[in-house]
Amino acid sequence: MIGTLKKMQTPFNFLSRIWCSSQAGSSFLFIQPMCAMIIHFWSLPSNIFPDPIGDFGNENLELVQDVAALNFPKAVILGNHDSWSTQQFSSKKKDRVQLQLECLGQEHVGYKRLDFPLLKLSIVGGRPFSCGGQQIFRKRLLSARYGIQDMEGSAKRIYEAALGTPEDHLVILLAHNGPTGLGSELNDICGKDWVFGGGDHGDPDLAQAISNLKETTNVSIPLVVFGHMHKELAHGNGLRKMIVVGTHNIIYLNGAIVPRVKRSTNETSLQASNSDGTYRAFTLVEILNGQVNKISESWVSVVGNETTLEEEHILFKSNGQSSR
C-alpha cells in the first residue's frame, strides 16, 4: 500500500486533495477524495521520480507504465519530452509514443474530459506534446491522432472537450504548458527565461479555449494546472512565479519544480542521515465544498518507510490571496 492514513479532525466536510506533478515531460494529477480520512501519498515509489537531477526522461515508457499502474484516480497529459524523438507515428510497429498512450488509456486526457462523479469534478485536457509558444510541436502526431492542423483547431477541440460537463461539476484544466496572457517577464509563470527580454511562452490555443468557455458557457473553471516552465530560472536569474489568480478568479498553477527529488544530505537539513533517503517536492491543492481552499508546495523527507513533512510553503488560501 502507498502512503498512510489518519483520521481528520473535522469529518463530513467533503475535501478533495490533488497532487500535481509537472516537469519537462508529462503532467500528472493524482486525485484523493477524503471524507473521513486523509490519504498522504508522500511515499510514492522512488521510480516515479527517476532522476534527482533532471527531467522525467525522453519518451520514458517505463515511467509512464509505472504511473499508469498506480491504483488510485489520476489524470495525465503527455508533454514534449514524451514525444522527444517520435515525429510521426510508425506504420510498421508501435512506437514509444503509441505505447505510452496505450498504457494510459482513458487516463490520458489530451483533448478530452475525465469525470469523477463522486467528487463532482471533471478534468479537461489541453494539447498533448506541447512545447509552449506560437508553434505547434509535433504537428504530424497531432494531425494523425486528433486531426489537429493549427492553433484554432486545437482551441476548438479543448473547448469541445469541456462541453457536456455535468452542471454540478467543477472543471480543472490540465495542460502540459500554461496559456498565453499571464505575463511576458522572464520570471512570469510562462515567461521566457532563456532569452534576453523575456516574452510570453504560453499556449495560445489554451488561452482561447478558456476565453471561449467563459464567454459562452456556464462551466465553472476554478483551476488550470500545468508545468513545463521550470521554477528555477535559466542563467541563475532566480525563481519563477508559480501561481497567478487571473480574470474570472481562475487560479493558474505551475507545478514544474525541477529537480523534484533530491538526495538526503546535511545541506537539506533532513532529520535522517540515511544515505538512501530522499527529499521530495509535492504541489498540493485542496478543494473544499466546491472551492479551492488551499494550495501549497511541500517538501517531504522519505527514508525507508518513514516520511516527514519538512517544509510547507503556502501559495494560496481561500481568501483569494496569492503569496507568490
Side-chain angles (χ1 to χ4, degrees), residues 8 10 12-22 27-39 41 72-77 106-127 155 157-176 178-179 182 189 206-227 242-255 282-296 314-322:
M8 292 178 63
T10 308
F12 309 123
N13 279 339
F14 194 81
L15 179 70
S16 304
R17 177 168 290 175
I18 297 172
W19 168 50
C20 314
S21 174
S22 304
S27 298
F28 304 100
L29 290 180
F30 298 111
I31 301 164
Q32 307 172 45
M34 296 173 286
C35 189
M37 309 291 281
I38 296 179
I39 305 175
F41 291 111
F72 49 80
K74 55 189 174 294
V76 181
I77 189 163
Q106 293 301 309
E107 293 176 328
H108 183 258
V109 294
Y111 293 132
K112 67 183 181 184
R113 189 183 77 245
L114 185 59
D115 295 331
F116 297 91
L118 178 64
L119 304 179
K120 299 187 184 302
L121 176 69
S122 296
I123 309 297
V124 173
R127 169 166 43 96
R157 283 295 298 272
I158 300 168
Y159 173 87
E160 290 175 342
L163 298 181
T165 299
E167 292 184 0
D168 59 347
H169 278 213
L170 300 176
V171 166
I172 294 177
L173 281 168
L174 175 62
H176 183 58
L182 300 179
I189 195 167
L206 182 59
Q208 187 62 54
I210 294 170
S211 176
N212 291 345
L213 285 168
K214 298 310 295 184
E215 289 176 3
T216 64
T217 75
N218 293 320
V219 172
S220 174
I221 309 173
L223 183 64
V224 179
V225 179
F226 53 92
M242 301 299 279
I243 189 167
V244 170
V245 180
T247 57
H248 306 290
N249 289 320
I250 298 174
I251 300 169
Y252 296 88
L253 176 63
N254 180 350
F282 296 79
T283 303
L284 293 171
V285 179
E286 293 182 358
I287 297 176
L288 178 63
N289 297 329
Q291 301 290 330
V292 176
N293 183 55
K294 176 183 173 183
I295 300 175
S296 62
I314 306 300
L315 305 182
F316 175 86
K317 284 190 174 181
S318 58
N319 60 11
Q321 297 297 315
S322 170

Kindly determine whether Ile287 and Ile172 satisfy side-chain contact (heavy atoms from CB on, under 4.5 Å), including the steps that lead there.
CA-CA 11 Å; Ile287 297 176; Ile172 294 177; 3.8 Å; yes
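- Minimum interatomic distance between Gly178 and Leu206 (heavy atoms only, all atoms of both residues): C-CD2, 3.9 Å.
- Residues meeting the side-chain hydrogen bond (donor to acceptor under 3.5 Å, both in side chains) test with Asp115, sequence neighbours left out: Arg113, Ser122.
- With contacts defined as side-chain heavy-atom distances shorter than 4.5 Å, the pair His108/Ile77 qualifies.
- To the nearest 0.5 Å, atom NZ of residue Lys317 and atom CD1 of residue Ile295 are 12.5 Å apart.
- Taking 4.5 Å as the limit, some side-chain heavy atom of Phe116 sits within range of a side-chain heavy atom of Ile123.
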The test is side-chain contact (heavy atoms from CB on, under 4.5 Å); show your working for Phe316 and Val245 and say whether it passes.
CA-CA 9 Å; Phe316 175 86; Val245 180; 4.1 Å; yes
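- The two residues Leu213 and Thr217 come nearest to each other via the heavy atoms O-OG1, 2.6 Å.
- Residues passing the side-chain hydrogen bond (donor to acceptor under 3.5 Å, both in side chains) test with Glu215 are Ser211, sequence neighbours excluded.
- Every residue meeting the salt bridge (Lys or Arg N to Asp or Glu O under 4.0 Å) condition with Lys294, not counting sequence neighbours, appears here in chain and number order: Glu312.
- Applying the salt bridge (Lys or Arg N to Asp or Glu O under 4.0 Å) definition to pairs two or more places apart or across chains, those involving residues 163-175 are Lys120-Asp168.
- Proximity of Tyr111 to Ile158: side-chain heavy atoms (C-beta onward) are separated by under 4.5 Å at one or more points.
- Partners of Ala155 under the side-chain contact (heavy atoms from CB on, under 4.5 Å) rule, at least two apart in sequence or in another chain, are Asp205, Gln208.
- Contact check for Lys214 versus Ile250: side-chain heavy atoms found under the 4.5 Å cut-off.
- Scanning for salt bridge (Lys or Arg N to Asp or Glu O under 4.0 Å) contacts around Arg157 gives an empty result, with sequence neighbours left out.
- For the pair Leu253 and Leu315, the minimum side-chain heavy-atom distance is below 4.5 Å.
- Residue Leu173 holds its CG atom at 8.5 Å from OH of Tyr252, rounded to the nearest 0.5 Å.
- Among residues two or more places apart in sequence or in another chain, the side-chain hydrogen bond (donor to acceptor under 3.5 Å, both in side chains) test is passed with Asn218 by none.
- Here the shortest heavy-atom pairing between Gly227 and Asn254 reads CA-OD1, 3.5 Å.
- With sequence neighbours excluded, the residues forming a side-chain hydrogen bond (donor to acceptor under 3.5 Å, both in side chains) with Thr216 are Tyr159, listed by chain and number.
- Pairing each heavy atom of Leu114 with each of Ala75, the nearest pair is CD2-CB, 4.3 Å.
- When every heavy atom of Ile314 is checked against every heavy atom of Ser296, the shortest pair comes out as CD1-CB, 4.0 Å.
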